[in-house]
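Encoded as structure tokens, the structure appears first; notes follow it.
Note that the numbering runs from 1 along the sequence shown for the chain.
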Amino acid sequence: MRKKKWITLLLTGIFLLSLVAGCGRESDKNTTDNKVSVAFWSDELTENYGPYLQKAFPDVDFEFYVITNSTDYYRFQAEKGKLPDILTVRRFSLGDVASFKDDLMDLSDSRAAGVFHQSYLRSYTYSDGTLNWLPVCAEVDGIIVNESLLADHNISLPTNYQEFTDACIALKKFGVRPFRSNFSADYTCMEILQGLSVQQLTSQEGREWRQQYESGQTSELSEEVWMPVFERMQEFIQYTGIDASDLETDIVDVYRAYQNQETAMMRGTSAEATRYGAADGSVMVPYYGDTPDNNWYLTYPAFQVAAKAQEEPDRKALICDILETMTEPEGLRYIATGEDMIAYTSEANLSLSPMMKHIQPYIDSNRLYIRLASADMFSVSSQVVQGMITGEYPDARSAFCAFNEAMKKRDKKPAAKVHIDTGYSYTFDPAKGSPAASAVMNSVREELGTQLLTGQSINVSGDIHAGDYTEEELRFLTMGESIDILLCEMTGAQMHDYLSYVLTASKKRGSVINDSSLYVSSGFEMEIHKTDTGYALDKLTIEGKELKPDEIYSAAILGNEVLMQKEALKSAGITKYTKSELAYEQIISDRLMNGRQLAAPTDYITLHL
């Protein structure tokens, strides 16, 4: 009897422990509560990553949508009690998500967290030990060098900060700009400021300050940590010859000058270099410290992932299984569709191009610094670095004080500008569609003045809440990335052909991967049925009457022109169209700011299962 009682107590303790742990037990994948909402920060993730999750969890009903790339979106949803089950974001700082940390799972003891190098998780851990977010594979940011241009002037590839300085001075003597970058962009200002001083920011004092800042314990810069950062930035501006003209250049200008051998080095990523045709003959070197051991590459995750806190044990276990799958080596490959992404986990090895030939020792020694990317850091870095370049802040002390003062300001939340009278659910109904997506698409069509409009439901960012909104919060109604609005005339038959194409196209920016990513029709209705491989279009109607094949309609097509929509329209015989000058996100914001409510949703689809 005593033995049985002891075993019972032990098993009870183990069960209770599994409930306390963030992700400590296997899920029942046959659970009836199988709907899981996933907010992607980019529609690019729906191309490959969404299907990967569906294949891994065939019994889960995933609801995907694309949001504004901002943790403020999640803060807003947390205030409404409407966080998605899985959260992703690219621009991230621990301090920006502290206000709703208790609404998220603590992953500190989870199996998902166990595969990460602990040195990287420090930047995601609060001072009380809570770990809510995990970094997925990273893009690497460093100094891109035209190695042959240096060799032509008998300049060796630098190995430390002094050699880098000497190389810049020598290049100037030969009439070559040593370094150039698009300082008009906030991310460039922030990444160069931090990259040049990673040695300082990774010191014991630097790590302690960052944790205090990220945990909300301070809003001030530490003079011990940050004064040397601004001193180095000031030196860098002087010996590279950066001036106010660099604030007028964009990234295309920088890469053009680099390819024309007008400049020898620039800040960048492998993806950028490949996109602009500058990868061949280039190498990426780290941001230099005083010695080679103090050199670091800067990194930023493809996205950070977190999960809403769950009380029901089986559902908690299911969400944890999904998180683990998202960070497994196979999952990372669906994110890193090209080369030169770096894994923060110990289990994954991703492909590296010749351009990244110097990085492996830094991976092995974990010298990959995750940028500090709070909203304040982006905006204030831009303000102060640009001021240093123009001379507004003529020395390191004035720059430090200006930065510190701006960081200490706590702006009050702006006043509400708009009241939305009626809220709408994003959830897809096979007999009606998504009310939230329909309300937005109907509103866009009214503003554009076309007879027909179609666009993907994932371009609407989840539920629409009734209540007050600031002007900034209106951005949270639609995906943050700009999508094209293509205006054309088309016959009923051509609209049928166009929708037949987009319903069956795969692995494209705009492919349909499940019910939540189906297209929304405005001004007409669709009847669709599921097939073994996806979806097929049956008929199109307007108020129950089929579209006349030969009748011409004015139409608006929403989506990515280059990566899908141009080809989709061509398949329907449409080669002439114009781009709307009105931005999708701005159309909705302006309508509401002008005192008009969203258009009422319509029943736009019948999906036969």
Tyr65 and Gln456 side chains, donor-acceptor separation under 3.5 Å: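 No pair is found: no donor N or O on one side chain lies under 3.5 Å from an acceptor on the other.
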Distance-only polar pair, side chains of Gln204 and Glu208, donor-acceptor under 3.5 Å: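 Checked: Gln204/Glu208 side chains pair up, N/O donor to acceptor below 3.5 Å.
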Once you measure the plane-to-plane angle for [X] and [Y], does it fall in the parallel (<30°), tilted (30-60°) or perpendicular (>60°) bin?
| X | Y | answer |
| --- | --- | --- |
| Phe230 | Trp226 | tilted |
| Phe179 | Phe183 | tilted |
| Tyr49 | Phe303 | perpendicular |
| His117 | Tyr120 | perpendicular |

Salt-bridge contact [X]-[Y] (side-chain N to carboxylate O under 4.0 Å):
| X | Y | answer |
| --- | --- | --- |
| Arg371 | Asp141 | no |
| Lys579 | Glu561 | yes |
| Arg333 | Glu328 | no |

Partner of Phe92 by ring-ring contact (aromatic ring centres under 6.0 Å, His included), out of Trp41, Tyr300, Tyr124, Tyr74: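 When ring-ring contact (aromatic ring centres under 6.0 Å, His included) is applied between Phe92 and each of Trp41, Tyr300, Tyr124, Tyr74, only Tyr124 qualifies.
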Side-chain heavy atoms of Leu332 within contact of Val136, under 4.5 Å: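 Yes. Closest side-chain heavy atoms under 4.5 Å.
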Reference residue Thr269; test side chain to side chain donor-acceptor pair (under 3.5 Å); the match among Glu139, Arg275, Glu191: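 Single side chain to side chain donor-acceptor pair (under 3.5 Å) partner of Thr269 among Glu139, Arg275, Glu191: Glu139.
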Qualifying ring-ring contact (aromatic ring centres under 6.0 Å, His included) pairs with a residue from residues 355-382, counting only residues at least two apart or across chains: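 Every ring-ring contact (aromatic ring centres under 6.0 Å, His included) pair that includes a residue of residues 355-382, provided the two are not neighbours, is Tyr297-Tyr362.
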Derivation and outcome, salt bridge (charged side-chain N to carboxylate O under 4.0 Å, His left out), residues Arg397 and Glu223: CA-CA 10 Å; Arg397 170 63 62 179; Glu223 182 166 346; 2.7 Å; yes
Contacts of type side-chain contact (heavy atoms from CB on, under 4.5 Å), residue Val115, not counting sequence neighbours: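 Here the qualifying residues are Thr345, Glu347.
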